[in-house]
Every structure is written in C-alpha cells, then in structure tokens.
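Heads up, the thing below is written out as structure tokens.
Just so it is clear, the model here is predicted, and its values are computed rather than measured.
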Amino acid sequence: MSSMPVHAFLGCPSQIPPKIQDLAQVEINKIQSNRPGQKEASDKVVASRDLKALQNVASIVTQKKAKEVYLIGQGGFNQVFAIIFEDGTDIIARINGSRALQDSDKPPAEVVRRIQSEFATIKFIQANTTIPVPEIIFLENNFENDVGAPYSLQKRIIGQMIADIWPSKFNPSCMNGEQAISAVKQITDFECQLLRYPSFDSIGSLEYDEAANEFRVGPLTPLYKLSTFPECHPGPWKSSTEYLRSLIVLQKSILQQPDWLDDRRSFFTLMNTYGNDIPKIEDIDTEVRSDHAHFTAWYDMLEANLDHLDLSPFDPPHYPFVLLHEDLNIGNVMMDYEDPTKVVAVIDWEGSRVVPFWVGCSYSLIDQSSCGNEPEEQEIYRRMVETRDEIRKKNLDPSLWNEQTIPILHSLFNLYELTSRSPTRVPVALFNTLLQRFLAARPQEDIDMFHPMLELGLGYANETSQAVARLYGC
C-alpha cells in the first residue's frame, strides 16, 4: 500500500460558516459511523428529553418564538442542541447526558455540583481574564424540570474546532505554519493568564456565591463517581501534600473495589487485540493478580514516603494555587471560520479546578496535541513549541519560571501523575517511568527514600507492560 502524498501545507482558507442543518447532518453521520451501539445510546438519551419543553423555555428566556431544534454535537457528558427562532436567530442548549453515558451511574447531587462549578468557573474567567468562553444566558441545574435533565442555554459560538484544521498531512485544508503559530500565541497567552492570577487560598473546585457576589474554592468536583469512595476527602486542601495524600487514598480505594480485577482483565484483553505491537499476555489472571499486589504495595510505599517529602516550598506564599483547564486540547478550542487564525472560544470547562502552580504549568495545549512524522509536520510542531516556551518566558514571573525552576516543576508533575492516574487501565511500567522522571530532579536523600519503589516497579515491568507503556509515550 502506497503512503498518502504530503500536501504543500498552503494554509486553511477563509470559510463561510455552515448552516445549523449542515452541522446536524455532520453529527448524524458521526453517530452512524461510531462503534456499534453508539447511535442507539444517543437516540435513547434524546428520546428521554422533552425538546418541546426546551423550546418553550428558550422562547420565554429570549422573548422570541422558537420553531426548530437540532442535535449538533455531543461529548462525554452533554448533548448540544441548536434552537432556531422564527426571526432566523439561534442559541444552543447544552443538556446533561450523551451517548457516552458517563454520568449514568452518578448521583444527581454530584452532577449538579459539577455543573454549578463549571458555571462558576466560566463566570470567573469572564470577570478576570480575556479568555473567550461560552456565554451562558440561562442555567437549570435541577434534574426535576420539564426538559428531563440539567441544561444551559448559551449563545452559539460560530467557530470550528482547531482539531479540524490542525496541521496534518491528511488534511490539505489544514493550517500552515504561520497560522498555527498565530493560534498558539493566543492559546499560550490564555494559559499564562491562568498561571499569573493571584493565588487562590485552597486546592479544589470553584464555587460562586451569588448573594455575596464572590468566588470561593470548594470541594473537588471530579468526573468520576466520588461517592463510591466515602473514605476519600474531596477537599478543599490547603497544601499540595494534603491534595496528593487524598489522591493516593482514592487510588487505594479503587483497588479495593470488587470490580477492579474484572476491569483489569478487560484492560489486558483489549491489549491482546493490538496485534504485533504488544506481546500477547498468555495468562491474564496471573498478570491481574500480580498487578493488584504490586499496586497495593506501591501506594502504601508512596503514601509513607509522602510524609517525608517537603513540598511546602512549592505552595503559597512561594508558589500560587492556580486555575487549571485540564482538558485544554485541540477539541476544545474554537477558531473563526472566516479568520482561521483567530480563537473565538475555549470550551468545556467541566472538571476544571484550582491546583498547585507546579501542576497547572505542566498542562499545555501543545503537550496534549500531536503531530505526524512528516518533516513538514515536525517543523511546524517544533516552531509551535518554541513559540509557546518564548511566550511563557516573557509572561510568567521569572522568580517562579526560569531555567533552574522549570526542570524541578516538571519533575514534580510526575509525582502528581503517579497519584492521579488510576491504576486500572495503565501499565505498571508507566508508573515506574513516572517515578524515575520525578526523581531525576530530586536530591539524593529523596532518591534513596524512593529506591525500594523503583525496585518494586522494575520487578513487575515485564515485556508486555513495557510495550503498553510505550503506547502511552514512555
């Protein structure tokens, strides 16, 4: 089979925004092409919503007559509908629930708290930054309503995902180098605005007190089912150590769940379908039990070592707690159709939270994207990374972000990865790699303290686990 010819990367042309009906057809095609069961799941969720009631609310809120509703998109937690009015204008409705069914097992109170926190986060961003975000004109966060689920009405963002025009040899209409650099400059500025904001007093999720018109940090609103683990403290936390300890307790609780072994078996069964890239696991049951014993010992050692690790120099007042958009990827940045170098919105702030600076600074759209292997793609990506780094150097406090501190901050992020990654669907070897990266910038006394964990990890890092880890970029 011949490889696809590489186009000339001439750039993304100006486009006329598509009609809502066209967006709806694209969503239909996407659902039909997804894996089996996705269309049925999507249709079931749509059927459970009273779209007539949604139109009535939209008519009351806008004082205009709604006449049509179209499903134009959906993610892991929401379906997005466009509502068209008789005068030709439109808004969107973002309704909780989607074909992914990620909220189907969660108590309503947890979902509502997450929705309220996203609303607070967007309101905070609007008041304190120049980051373009969705404009919410009405919020219903109660499950007991005529539509059938919590929802919000928002002004429609006229834009395309940057993912659709990201530099790629497979897309002749993608951005060229100059267009990509222009986008990266804006996005990096947004990231710096979050990192520069004066420190919050705690780690957790944002809340908004409407009566007092003030923001505060409350308990974390994670995307997983936190109520399953009553022994886990959801915050807010006053230090990095407290935060990491709660994450470790969460992972230990996950290991004790009755379905962990079955979930791990499913993970290995999936790995066995990857063909020649991954050595086949012949005895899955033995591997699963071995991993469970490894992770149990690993987290006990990690928790014990945390007591002797001083992270206070990286907490306030030395380093701030900052707001993080953890899912800032090329699927959540919207670009103007007519000017594909202009960012018109950053979306999907669900799950955003306040974290230590050393966590927040380690997230970047560039790091969560990818490029191909063609020289043209590699060169554009290299220039984007270089641009990102130059802007951070100019815009962040040099006492916090400099040639000496950057390696230390990035090494600390590997400690966060060790505590925050679920042990269910990641290979043992990946944890070992993360630990080695963390220790690379630590003093000898820390290396000695963590050395038994390294030996334990090496003992379980078999050929299959190492191959799977390489899929994760390690």
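- You'll find the side chain of Phe190 stays beyond 4.5 Å of the side chain of Leu328, heavy atoms only.
- Side-chain N or O atoms of Asp315 include one that pairs as donor or acceptor with a backbone N or O of Ser240 at under 3.5 Å.
- Using modelled atom types, one side-chain atom of Asn171 and one backbone atom of Asp164 make a donor-acceptor pair closer than 3.5 Å.
- Using modelled atom types and a 3.5 Å distance limit, the side chains of Glu377 and Asn373 yield no donor-acceptor pair.
- Within 6.0 Å of CD on Glu214 lie more than 12 heavy atoms contributed by other residues, nucleotides or ligands.
- Put simply, CG on Asp262 and OG1 on Thr424 are 11.5 Å apart, with the number rounded to the nearest 0.5 Å.
- You'll find the side chain of Gln256 stays beyond 4.5 Å of the side chain of Lys252, heavy atoms only.
- Ion pairing between Arg382 and Glu379 holds under the 4.0 Å rule for side-chain N and carboxylate O.
- By the 6.0 Å contact criterion, CD on Gln444 is enclosed, its count of non-hydrogen atoms from other residues, nucleotides or ligands being greater than 12.
- Here the CD1 atom belonging to Ile158 is positioned 9.5 Å from the CG atom belonging to Asp336, to the nearest 0.5 angstrom.
- Taking both residues in full, the closest heavy atoms of Ser399 and Thr405 are given as O-CG2, 4.3 Å, listed atom of the first, atom of the second, then distance.
- With contacts defined as side-chain heavy-atom distances shorter than 4.5 Å, the pair Arg94/Glu118 qualifies.
- Of the residues listed (Asp259, Asp285, Asp291), the one engaging Arg264 in a salt bridge (Lys or Arg N to Asp or Glu O under 4.0 Å) is Asp291, and it is the only one.
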Let me see the working for Ile181 and Met384 under side chain to side chain contact (heavy atoms under 4.5 Å, CB included), right down to the final yes or no.
-> CA-CA 6 Å; Ile181 293 301; Met384 288 192 291; 4.0 Å; yes
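- Minimum heavy-atom separation, Trp166 to Met175: CE3-CE, 4.1 Å.
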Before giving the answer on side chain to side chain contact (heavy atoms under 4.5 Å, CB included), spell out for Asn329 and Asp327 the whole-Å C-alpha distance, their side-chain angles and the decisive distance to 0.1 Å.
-> CA-CA 6 Å; Asn329 59 57; Asp327 204 17; 2.6 Å; yes
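- Ring planes of His292 and Trp260: perpendicular class, angle over 60° (limits at 30 and 60°).
- By the 30° and 60° cut-offs, the orientation of the rings of Tyr416 relative to Tyr363 is perpendicular.
- Side chain of His325 to main chain of Ile347: a donor-acceptor pair is present (N/O by atom type, distance under 3.5 Å, no hydrogens or angles).
- Arg114 and Glu110 are not joined by a salt bridge, as no carboxylate oxygen comes within less than 4.0 angstrom of a charged side-chain nitrogen.
- Within the 4.5 Å cutoff, the side chain of Glu376 has no heavy atoms near those of the Lys169 side chain.
- Panel note: side chain Arg437, backbone Ser411; no donor-acceptor pair is recorded below 3.5 Å.
- The closest donor-acceptor contact from the side chain of Gln179 to the backbone of Cys12 lies under 3.5 Å.
- With hydrogens and angles ignored, the 3.5 Å screen pairs no side-chain donor or acceptor of Gln436 with any backbone N or O of Leu454.
- Side chains of Leu456 and Pro452 form no contact here, defined as non-hydrogen atoms less than 4.5 Å apart.
- Put simply, the side chain of Leu323 reaches to within 4.5 Å of the side chain of Phe200, judged on heavy atoms.
- Between Ser253 and Val249 the shortest side-chain heavy-atom distance falls below 4.5 Å.
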Verdict with reasoning, Ile115 to Leu139, per side chain to side chain contact (heavy atoms under 4.5 Å, CB included) = CA-CA 9 Å; Ile115 293 171; Leu139 177 66; 3.9 Å; yes
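- Across every non-hydrogen atom of Leu10 and Asn176, the tightest pair is O-ND2, 3.3 Å.
- A donor-acceptor pair under 3.5 Å is absent between the side-chain atoms of Ser290 and the main chain of Thr286, judged by distance alone.
- Atom CE in Met301 sits 7.0 Å away from atom CG in Asn305 (nearest 0.5 Å).
- The pair Asp397-Arg196 fails the salt-bridge criterion, with no side-chain N (NZ, NE, NH1 or NH2) lying under 4.0 Å from an Asp/Glu carboxylate O.
- With values rounded to the nearest 0.5 angstrom, Ile284 atom CD1 is found 13.0 Å from Leu261 atom CG.
- Residues Arg383 and Glu178 are paired through a salt bridge, judged by an N-O separation under 4.0 Å between the basic side chain and the carboxylate.
- Using modelled atom types, one side-chain atom of Arg113 and one backbone atom of Leu220 make a donor-acceptor pair closer than 3.5 Å.
- A pairwise comparison of heavy atoms in Ser152 and Ile136 identifies CB-CG2, 4.2 Å as the closest pair.
- In this structure, the side chains of Ile131 and Glu191 stay at 4.5 Å or more apart for every pair of heavy atoms.
- With hydrogens and angles disregarded, no donor-acceptor distance shorter than 3.5 Å links the side chain of Glu207 to the backbone of Ser117.
- The structure places OH of Tyr197 at 10.0 Å from CD1 of Ile125, a figure rounded to the nearest 0.5 Å.
- Of all non-hydrogen atoms in Pro134 and Ile122, the two that sit nearest each other are O-CG2, 3.5 Å.
- Met161 and Ile330 make their closest contact through CB-O, 4.1 Å (heavy atoms, listed as atom of the first residue, atom of the second, distance).
- The backbone N or O of His410 sits less than 3.5 Å from a side-chain atom of Asn414, completing a donor-acceptor pair.
- Using the six-membered ring where Trp is involved, Tyr243 and Trp237 have ring planes that are tilted, between 30° and 60° apart.
- Expressed to the nearest 0.5 Å, how far CZ of Phe124 lies from CZ of Phe215 amounts to 7.0 Å.
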Go through the steps for Asp201 and Val217 under the test side chain to side chain contact (heavy atoms under 4.5 Å, CB included), then give the verdict.
-> CA-CA 8 Å; Asp201 64 357; Val217 179; 4.1 Å; yes
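- Classification of the Phe295-Phe431 ring pair by plane angle, with boundaries at 30° and 60°, yields perpendicular.
- A donor-acceptor pair shorter than 3.5 Å can be found between the side chains of Glu350 and Asn78.
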